[in-house]
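When reading the values below, keep in mind they use all heavy atoms of this one structure, side chains included, and skip hydrogens, waters and symmetry mates.
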Amino acid sequence: MAGYFSVFLVLLTLGSGLIWLIDHYMFAPKRKERIALAQGATQTPLDNDVIAQIAPEPAIVEGAKSIFPMIAAITIFRSFIFEPFQIPSGSMMPTLLDGDFILVQKYAYGIKDPVWRSQMIEVGEPERGDITVFKFPLDERIDFIKRVIGLPGDRVVYRNRQLFIKPSCEAGQERKDNLICGEYNKIALDIVDREYMHGPRQLVRLSEDLSGVQHDILIDPQAAELTARYYQQPNTRVDEWVVPEDSYFVMGDNRNNSQDGRMWGFVPKENLVGKAVFIWMSFDFDNGPDSLLPGWVPTGVRFERLGNIQ
């Protein structure tokens with residue numbers, strides 16, 4: 001089921017629209033008749049104050065008529081086209097930062113009803129490398145954002161901070177998404193810089209080529225791999241996952257600071273919300289310990305971050 005705000009918007013749209021519709025076909029014609037009778041009894045045109053006294057429009061109807069077009073437009077835009085989200089953590093650094101505000105393309109993976117989120121129209125499927133927003137499988141009240149790594153049928157290995165993918169291929173198929181069928185493909189990495197920090201530790205920024213989708217990731221060379229916390233599938237190694245049908249394996253770009261599919265498994269197709277496509281605002285919350293401002297007050301705007309998401 002959708003979040004409370006989405007349900008509230010739908011109910012507000014339906015309620016205001018229903019009030020306007022009932023008034024339009026049942027009560028507005030009667031008010032017009034009273035005005036016509038009053039106008040016929042006088043030789044001078046009735047002014048607005050007199051009309052309001054003869055056939056007053058109820059306040060609830062006036063309110064419904066004024067908000068319905070705006071609320072309906074917001075509901076349609078937010079439910080079926082684009083929805084704004086705020087990045088709440090650093091799990092997708094360096095691609096997305098805490099304080100980024102993004103637009104998510106809701107129709108990228110299909111049109112769903114805004115309340116029960118059941119699929120209405122099939123549009124497309126996630127592609128490897130997409131940054132996707134989804135309902136957290138362990139608590140669907142929470143929205144997560146991660147990068148799609150494994151598609152249905154793929155085998156994914158993450159070992160020694162290196163990603164390997166064995167794609168699911170049709171019989172006789174030699175390559176899929178620039179990956180060789182029938183073998184584990186080592187995903188190429190190139191060092192970019194070491195400008196990011198995690199507390200006192202220096203992080204390594206690398207460029208990753210995920211079968212043609214190039215993006216940057218962060219690695220903490222000093223952090224231990226938490227393999228004991230990895231999600232363990234039957235008949236697989238501790239750092240290997242086989243993606244089930246109609247599911248996806250996702251990871252954060254900040255590899256040592258991301259609670260992702262390595263820890264809890266896979267994202268079912270029905271949990272997908274949409275594809276992250278654009279940063280429309282980015283605030284810096286660099287409030288030091290001596291600052292008089294609350295932590296939620298931004299200290300600057302990162303205009304250089306605005307634009308399409310890679």
Side-chain angles (χ1 to χ4, degrees), residues 1-88 99-108 110-121 123 133 135 141 143 273-283 285 293-294 296-303 306-308:
M1 188 173 176
Y4 295 127
F5 185 66
S6 296
V7 174
F8 170 75
L9 274 182
V10 171
L11 291 177
L12 185 61
T13 301
L14 293 176
S16 59
L18 187 61
I19 291 171
W20 172 80
L21 196 64
I22 292 173
D23 178 76
H24 180 77
Y25 286 103
M26 294 183 61
F27 300 108
K30 296 179 181 179
R31 292 198 298 271
K32 290 180 180 179
E33 289 179 5
R34 292 200 296 271
I35 294 171
L37 288 173
Q39 183 65 66
T42 181
Q43 299 297 321
T44 59
L46 301 176
D47 59 32
N48 292 333
D49 292 337
V50 174
I51 291 174
Q53 293 178 357
I54 297 171
E57 184 177 69
I60 189 172
V61 173
E62 184 179 357
K65 287 170 64 177
S66 63
I67 70 170
F68 174 70
M70 177 184 64
I71 294 298
I74 292 173
T75 301
I76 291 171
F77 183 85
R78 190 178 183 277
S79 300
F80 304 114
I81 305 175
F82 290 102
E83 183 176 357
F85 283 86
Q86 179 184 356
I87 302 301
D100 285 349
F101 289 78
I102 65 171
L103 286 179
V104 173
Q105 193 179 71
K106 296 295 290 289
Y107 58 86
I111 305 297
K112 299 180 179 179
D113 80 77
V115 176
W116 300 108
R117 304 195 67 254
S118 57
Q119 192 86 344
M120 297 165 55
I121 302 174
V123 175
V133 173
K135 298 295 181 182
R141 296 171 300 177
D143 292 315
V273 173
K275 179 181 179 181
V277 295
F278 193 83
I279 300 173
W280 61 272
M281 181 54 67
S282 182
F283 288 123
F285 296 92
L293 296 174
W296 52 267
V297 176
T299 57
V301 180
R302 299 177 294 219
F303 289 107
L306 308 188
N308 294 329

Minimum-distance pair of heavy atoms, taken over all atoms of [X] and [Y]:
X	Y	result
Ile35	Ala55	CG1-CB, 3.9 Å
Gly99	Phe285	CA-CE1, 3.8 Å
Glu83	Val273	OE1-CG1, 4.4 Å
Asp100	Ser282	OD1-OG, 2.5 Å
Ile121	Gln119	O-NE2, 3.6 Å
Ser118	Asp113	OG-OD2, 2.5 Å

In chain order, what residues pass the side chain to side chain contact (heavy atoms under 4.5 Å, CB included) check against Ile74, with sequence neighbours excluded?
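Counting only residues at least two positions away or on another chain, Ile74 forms a side chain to side chain contact (heavy atoms under 4.5 Å, CB included) with Leu9, Met70.
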Tell me every residue that passes side chain to side chain contact (heavy atoms under 4.5 Å, CB included) with Lys275, counting only those two or more places apart in sequence or in another chain.
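Once residues adjacent in sequence are excluded, the partners of Lys275 under the side chain to side chain contact (heavy atoms under 4.5 Å, CB included) criterion are Ala108, Tyr109, Asp130, Val277.
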Report task. Return yes when atom CZ of Phe77 has more than 12 non-hydrogen atoms of other residues, nucleotides or ligands closer than 6.0 Å, and no otherwise. Result ->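 Atom CZ in Phe77 is crowded, with more than 12 foreign heavy atoms closer than 6.0 Å.
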In Å, rounded to the nearest 0.5 Å, how long is the span from [atom1] of [X] to [atom2] of [Y]?
X	Y	atom1	atom2	answer
Leu103	Asn308	CG	CG	10.5 Å
Ile19	Ile67	CD1	CD1	8.0 Å
Leu21	Ser16	CG	OG	11.0 Å
Ile71	Arg78	CD1	CZ	11.5 Å
Ile81	Ile111	CD1	CD1	8.5 Å
Leu18	Ile22	CG	CD1	4.0 Å

* Pair Lys106-Phe82, side-chain contact (heavy atoms from CB on, under 4.5 Å): steps then yes or no -> CA-CA 5 Å; Lys106 296 295 290 289; Phe82 290 102; 5.7 Å; no
query: Given the rule in the side-chain contact (heavy atoms from CB on, under 4.5 Å) test, do Gln39 and Ile54 qualify, once you have shown the distances and angles that lead to the verdict?
result: CA-CA 10 Å; Gln39 183 65 66; Ile54 297 171; over 6 Å; no
Can you pull out every ring-ring contact (aromatic ring centres under 6.0 Å, His included) where at least one residue sits in residues 22-73? Sequence neighbours excluded, please.
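Matches after skipping sequence neighbours: Trp20-His24.
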Test ring-ring contact (aromatic ring centres under 6.0 Å, His included) applied to Trp280 and Phe303, Phe85, Phe101, the passing residue:
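Going through the options one by one, the only one that passes is Phe101.
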With a 3.5 Å distance limit and no angle check, can you tell me whether Ser79 reaches the backbone of Ile76 through a side-chain donor-acceptor pair?
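Such a contact is absent between Ser79 side chain and Ile76 backbone.
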Residue from Lys30, Arg31, Lys65 passing salt bridge (charged side-chain N to carboxylate O under 4.0 Å, His left out) with Asp23 =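 Running salt bridge (charged side-chain N to carboxylate O under 4.0 Å, His left out) over Lys30, Arg31, Lys65 with Asp23 returns exactly one hit, Arg31.
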